[in-house]
Amino acid sequence: MKDEITAIATATVSNVACGFDIMGFAIDKPVDKVKIRFTKKPGIKIKKIKGDNGKLPLDMRKNTLGVAVQSLANYLNFKDGLEIELYKQMPLGSGLGSSAASAVAGVFALNELLGKPLQKEDLLPFALDGEKITSGGVLHADNVAPSLYGGFVVIRSTNPLDVIRIPTPKNLFCTVIHPHIEIKTSKARKILSKQIPLKKAVLQWGNVAGLIAGLMKSDFDLISRSLQDVIIEPQRSALIPGYYDIKNSALNAGALGVNISGSGPSIFALSTSDELAKKIGVLMKKVLNKICIDSDLYISTINHKGPRII
Ligand code: HSE
């Protein structure tokens with residue numbers, strides 16, 4: 001058995017336009033890296049965190065990663081000592097599932113370090129225990145589940161947990177732009193209206209069904225028609241400067257659809273080639289440059305691998 005293991009888990013695009021809290025997919029970059037090693041002294045400790053500008057707590061009970069790892073350790077009745085290091089390679093409050101990636105990398109690393117007592121998919125409830133502390137106690141698995149499973153997933157239910165893998169067309173490319181502003185998920189959830197007019201609900205679930213069917217049939221026109229959100233986007237777009245200009249520049253260039261990634265401020269666009277995905281990225285960045293907001297760009301296919309040991 002190894003003494004030390006390092007795992008990475010990827011960023012995710014959740015909601016995917018019409019699927020608030022129930023859909024998400026994994027992308028290749030950015031990733032979070034977690035190192036776990038055995039120690040002689042019993043108890044689990046987060047020894048260091050890099051790349052967070054000092055924003056994340058080392059306290060196991062207040063840190064998403066800490067809560068997730070402790071939850072798995074408790075379940076496995078692990079009583080010995082562990083030391084954890086977290087290397088954040090993705091921005092906080094970005095809408096890319098940053099906390100979910102840390103939790104997934106943590107539980108995946110511990111499970112591997114202990115000789116794989118559980119299947120990868122069975123780690124989901126433990127990673128979710130960690131994620132709970134970032135969203136004000138509300139359980140949404142649309143970042144954790146795709147980061148852990150890889151690929152595109154639907155969370156049909158969180159109680160009981162029911163996650164469904166959705167096959168996706170091979171030539172589906174994702175552009176993600178991360179404007180350098182921070183939006184806290186808890187705040188982006190607070191602003192949402194609690195009521196949905198029936199007419200809008202009907203439009204929304206038509207799009208959810210259309211998107212899933214489009215992905216499964218590799219029907220790009222259907223995917224494109226369905227990548228719409230009539231409920232959340234009109235409310236949250238106000239938090240992202242230049243949102244509709246960015247969206248229109250990507251759509252005009254030929255994106256299948258554009259929307260907010262998770263609770264923002266990142267914005268994702270889907271397209272059918274690597275070349276187009278890159279072109280869309282350049283155009284989105286141009287809009288942000290004009291309003292003096294720095295940004296990072298990530299181009300990738302849908303990541304089907306999920307977390308891995310490096
Ligand atoms: N579905 C969640 C939300 C994801 O939009 O609030 C947060 O990243």
Side-chain angles (χ1 to χ4, degrees), residues 9-27 30-32 55-56 64-65 68 88 90-105 124 127-149 152-159 161-164 166 174 176-179 181-194 196 200-201 204-205 207-208 211-212 227-240 243 247 257-268 296 298 303:
T10 79
T12 43
V13 170
S14 60
N15 297 341
V16 200
C18 45
F20 179 68
D21 277 3
I22 64 144
M23 295 200 288
F25 62 85
I27 52 177
V31 298
D32 266 0
K55 285 187 181 165
L56 293 176
T64 308
L65 163 67
K88 292 254 17 129
M90 75 175 80
L92 307 176
S94 59
L96 292 171
S98 172
S99 55
S102 298
V104 167
L124 184 57
L128 272 176
D129 278 345
E131 178 77 337
K132 259 183 233 164
I133 63 166
T134 62
S135 55
V138 188
L139 192 61
H140 56 87
D142 52 343
N143 291 115
V144 169
S147 185
L148 181 66
Y149 281 48
F152 191 112
V153 302
V154 166
I155 298 100
R156 192 200 60 81
S157 153
T158 50
N159 187 20
L161 267 172
D162 190 358
V163 178
I164 305 144
I166 305 295
C174 181
V176 171
I177 190 139
H178 169 237
I181 53 170
E182 191 179 329
I183 296 181
K184 286 214 157 65
T185 299
S186 49
K187 184 188 160 197
R189 294 182 79 85
K190 250 188 215 146
I191 64 160
L192 297 177
S193 160
K194 301 285 174 288
I196 301 170
K200 283 195 178 170
Q204 195 87 348
W205 55 59
N207 283 323
V208 170
L211 179 56
I212 298 304
L227 276 170
Q228 293 190 53
D229 170 14
V230 296
I231 296 171
I232 308 297
E233 183 191 44
Q235 303 181 70
R236 281 187 174 167
S237 50
L239 302 174
I240 307 169
Y243 176 74
K247 176 168 177 161
V258 183
N259 223 288
I260 302 168
S261 174
S263 53
S266 291
I267 300 167
F268 77 96
D296 292 317
Y298 304 99
N303 176 296

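Note that the numbering runs from 1 along the sequence shown for the chain. These numbers were taken from a predicted model, which means no experiment stands behind them. All ligand and atom numbering here is 1-based and tracks the order in the structure.
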What atoms of ligand 1 come within less than 4.0 Å of a heavy atom belonging to [X]?
{"X": "R236", "result": "3 (C), 5 (O), 6 (O)"}
{"X": "F20", "result": "3 (C), 5 (O), 6 (O)"}
{"X": "D21", "result": "1 (N), 2 (C), 3 (C)"}
{"X": "S14", "result": "4 (C), 8 (O)"}
{"X": "N15", "result": "1 (N), 2 (C), 3 (C), 5 (O)"}

Heavy-atom pair with the smallest gap, counting every atom of F268 and V16: CZ-CA, 3.8 Å
Tell me, please: is G97 in heavy-atom contact with ligand 1, that is, under 4.0 Å? no
So for S263, does at least one of its heavy atoms come nearer than 4.0 angstrom to any atom of ligand 1? yes
Candidates S94, C174, S14, S266 - the one meeting side chain to side chain contact (heavy atoms under 4.5 Å, CB included) with S261: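 The passing option is S266.
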Salt bridge check: are K55 and E182 linked by an N-O gap of less than 4.0 Å?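 Salt bridge flag = yes for E182 with K55.
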Salt bridge (Lys or Arg N to Asp or Glu O under 4.0 Å), that's the test. Do D21 and R189 meet it? Break it down for me. CA-CA 11 Å; D21 277 3; R189 294 182 79 85; 2.7 Å; yes
Working note: V176 + I267, criterion side chain to side chain contact (heavy atoms under 4.5 Å, CB included); need CA distance, chi angles, decisive distance, verdict. CA-CA 6 Å; V176 171; I267 300 167; over 6 Å; no
Select one of side chain, backbone, both or neither to describe which atoms of [X] lie under 4.0 Å from any atom of ligand 1, heavy atoms only.
{"X": "I232", "result": "neither"}
{"X": "D142", "result": "side chain"}
{"X": "E131", "result": "neither"}

Could you work out, for atom 8 (O) of ligand 1, the closest of L96, I22, T185, N143 by heavy-atom distance? N143
Look at atom 6 (O) of ligand 1 and say which protein heavy atom is nearest, naming residue and atom and giving the distance to 0.1 Å. R189 NH1, 2.6 Å
Exam field: side chain R236 to backbone A188, donor-acceptor pair closer than 3.5 Å: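 Checked: pair present.
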State, without any angle test, whether T12 and N143 hold a side-chain donor-acceptor pair at a distance under 3.5 Å. yes
Taking atom types as modelled, is there a side-chain donor on E131 or S99 under 3.5 Å from an acceptor on the other?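 Looking only at side-chain atoms, S99 and E131 do form a donor-acceptor pair, the distance falling under 3.5 Å.
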